Amino acid sequence: MTQATPTRLLWRDVTVFDGLATRPESMAVIVEGERIARLIPMPQLDAELAHGCRDMGRGGVMTPGLVDCHTHIVFGGGRAGEFEARLEGASYEEIARRGGGILSTVAATREADEDALFAAALPRLEAMLADGATTVEIKSGYGLTVADELKMLRVARRLGEALPVRVVTTLLGAHALPPEYRDAPDAYIDLVCEAMIPAAAAEGLADAVDVFCETIAFSVAQCERVFQAAKAHGLPIKAHAEQLSNLGGSAMAARHGALSADHVEYLDEAGVQAMREAGSVAVILPGAYHTLHETQAPPIAALRRAGVPMAVATDANPGSSPLFMPTLMLNLACTLFRLTPSEALAGMTAHGAAALGLGELGRLAEGAPADLCVWNLDAPAELAYAVQPGRLRQRVFQGAISHDI
């Protein structure tokens, strides 16, 4: 049987942000099959190169498909009441300690079956795709039993099969202490290490393991045990760390070779240097900072000086960041944390991919995967400058057009 020739797609006169910087010349881009075949200045595009290509249009801004490297979009219920309580003066810690916060979502998630969780999460993920995402990480962490954590991970895998998006799954069993283990945190960590991680690994449901290292969650020593169990099953590690206080979780995670430490508002210089030495990515989450009215910003200048890559993500979740628009995070990263538009966009492309251990993604280069977006813009900085839905002209995932207006 003769194998079909891959479709060749051609864009002309596009301004290219390649994942790290904006190319100085107007470019032509050719996609063949699932890869970028050519990325060349327009004067070098001749009739021979263009022959046989499907013309995809002229002008606009082309970026890699956006990589949202930190989300919690599979969950049951909602927490608008807590949003109201915070505005009336309650702190995040107060809400968590009186049984609200994560534990209220845990109860609703445990009650929901897989179909209900899938139906609730689907429009959240569809909104992200409509805003340019081609890779989305989805964490568990609202089940806190072996069965319920695996249920969440199965739903995440199912979402990736239902839509044209790459879903990366992360087991976050050490997200909060479930009520049945209120007086036995070490016993719960035993469950995570001895049952939850092995079960997720055996079923191939988790691509990584995460922890919440914080005063209202788990200690550095407890999180280190989780990391050791993850590594024993060949799973990469990540950490929620230094969000509310400086426990040294980021430095510990870096010593264990973590892909990333996320939030990092209270990260100190020792933590910055540990991350630099380990090559760990700092994932900046301006949505939670914005929603929780935080005042301690991540040490952007120190991370920049040390050359620690900074990713940007939505942290989309029901409590602290109910925001499902990746490009909004670009704006918030700039306005709240003073990233440049180029840094913010790199944070949601090349550095976002690195935070997932997927360094081949998030780049526009010859031979790279053809995950890309074309925007009705004149310059890449406009993606961060304005909060405006509907700017996505075309979205290409693995070489196939999934959005075209």
Side-chain angles (χ1 to χ4, degrees), residues 65-75 102 105 121 124-125 127-128 131-142 152-153 156 159-160 165-176 206-214 217 236-244 249-250 253 258-265 267 275 280-292 294 298 303 308-330 332-333 336-337 339 344-358 361-362:
L66 302 185
V67 178
D68 194 343
C69 67
H70 183 131
T71 87
H72 306 252
I73 65 170
V74 174
F75 59 85
I102 290 171
T105 299
R124 300 168 192 145
L125 186 56
M128 294 174 164
D131 203 41
T134 54
T135 299
V136 176
E137 185 255 21
I138 302 176
K139 302 180 191 292
S140 66
Y142 296 128
M152 292 184 68
L153 293 173
L159 288 165
V165 62
R166 182 179 296 98
V167 168
V168 178
T169 59
T170 299
L171 173 64
L172 181 55
H175 193 197
D207 299 314
V209 171
D210 199 347
V211 297
F212 188 12
C213 187
E214 192 48 77
I237 56 173
K238 303 168 69 68
H240 289 59
E242 273 69 68
Q243 180 184 7
L244 306 172
S250 297
L259 292 172
S260 69
D262 303 26
H263 287 289
V264 299
E265 282 90 338
L267 183 68
M275 293 182 68
S280 300
V281 177
V283 179
I284 307 302
L285 303 172
Y289 181 93
H290 164 76
T291 301
L292 297 176
E294 295 290 353
L303 291 165
V308 175
M310 291 181 284
V312 175
T314 61
D315 191 18
N317 74 73
S320 62
S321 188
L323 307 171
F324 305 92
M325 186 179 182
T327 60
L328 171 60
M329 297 306 117
L330 301 176
L332 293 179
L336 297 178
F337 297 156
L339 268 67
L345 190 49
M348 204 162 250
T349 52
H351 298 326
L356 298 176
L358 301 174
L361 300 178

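For the single chain, residues carry numbers from 1 onward in sequence order. Please read all numbers here as calculations on a predicted model, not as lab measurements.
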For this session: Please examine the side chains of Y289 and I284, heavy atoms only from C-beta on, and report whether any two atoms are closer than 4.5 Å.
Result: no
Problem set entry | Donor-acceptor contact below 3.5 Å, side chain T169 vs main chain D207 | yes
For this session: List the atom of A288, the atom of Q243, and the distance in Å for their closest heavy-atom pair.
Result: CB-NE2, 4.5 Å
Seminar exercise, completed: Residues passing the salt bridge (Lys or Arg N to Asp or Glu O under 4.0 Å) test with E242, sequence neighbours excluded, are none
Seminar exercise, completed: Closest non-hydrogen atoms of P236 and L259, given as atom of the first, atom of the second and distance, are CB-CD1, 3.7 Å
Exercise. Where do L285 and D262 come nearest, in terms of heavy atoms and distance?
Worked result: CD1-CB, 4.2 Å
Exercise. Counting only N and O atoms by type, is there a donor-acceptor contact under 3.5 Å from the side chain of S321 to the main-chain atoms of T314?
Worked result: yes
Exercise. Of the options E137, R124, K139, which is the one that meets H72 in a side chain to side chain contact (heavy atoms under 4.5 Å, CB included)?
Worked result: K139
Problem set entry | From CG (L356) to CG (L361), nearest 0.5 Å | 8.5 Å
For this session: Using a 4.5 Å cut-off on heavy atoms from C-beta on, say whether the side chain of L345 contacts that of L66.
Result: yes
Exercise. Are any side-chain N or O atoms of S280 and backbone N or O atoms of A258, one a donor and one an acceptor, separated by less than 3.5 Å?
Worked result: yes
Exercise. Are K238 and L172 close enough that some pair of their side-chain heavy atoms sits under 4.5 Å apart?
Worked result: no
Problem set entry | side-chain contact (heavy atoms from CB on, under 4.5 Å) between V74 and L159, worked out | CA-CA 10 Å; V74 174; L159 288 165; 3.8 Å; yes
Problem set entry | Side chain proximity check, F324 to I73, heavy atoms < 4.5 angstrom | yes
Exercise. How are the rings of H175 and F212 set relative to one another: parallel (under 30°), tilted (30 to 60°) or perpendicular (over 60°)?
Worked result: tilted
For this session: For residues A344 and A333, report the shortest heavy-atom separation together with the two atoms involved.
Result: CB-CB, 4.3 Å
Exercise. Do H240 and H70 have side-chain N/O donor and acceptor atoms under 3.5 Å apart?
Worked result: yes
Exercise. Which heavy-atom pair separates C69 from G352 by the least distance, and what is that distance?
Worked result: CB-O, 3.5 Å
Exercise. Quick one: salt bridge (Lys or Arg N to Asp or Glu O under 4.0 Å) partners of D68, sequence neighbours excluded?
Worked result: none
Exercise. Of the options I138, T135, T71, which is the one that meets V167 in a side chain to side chain contact (heavy atoms under 4.5 Å, CB included)?
Worked result: I138
Problem set entry | Separation between CE of M348 and OG1 of T327, rounded to the nearest 0.5 Å | 8.5 Å
Problem set entry | Nearest atoms (heavy-atom pairs only) where V281 meets M275 | O-CE, 3.4 Å
Problem set entry | T291 and D315, any side-chain heavy atoms less than 4.5 Å apart | no
Seminar exercise, completed: Between the CZ atom in F337 and the NE2 atom in H290, the distance rounded to the nearest 0.5 Å is 11.0 Å
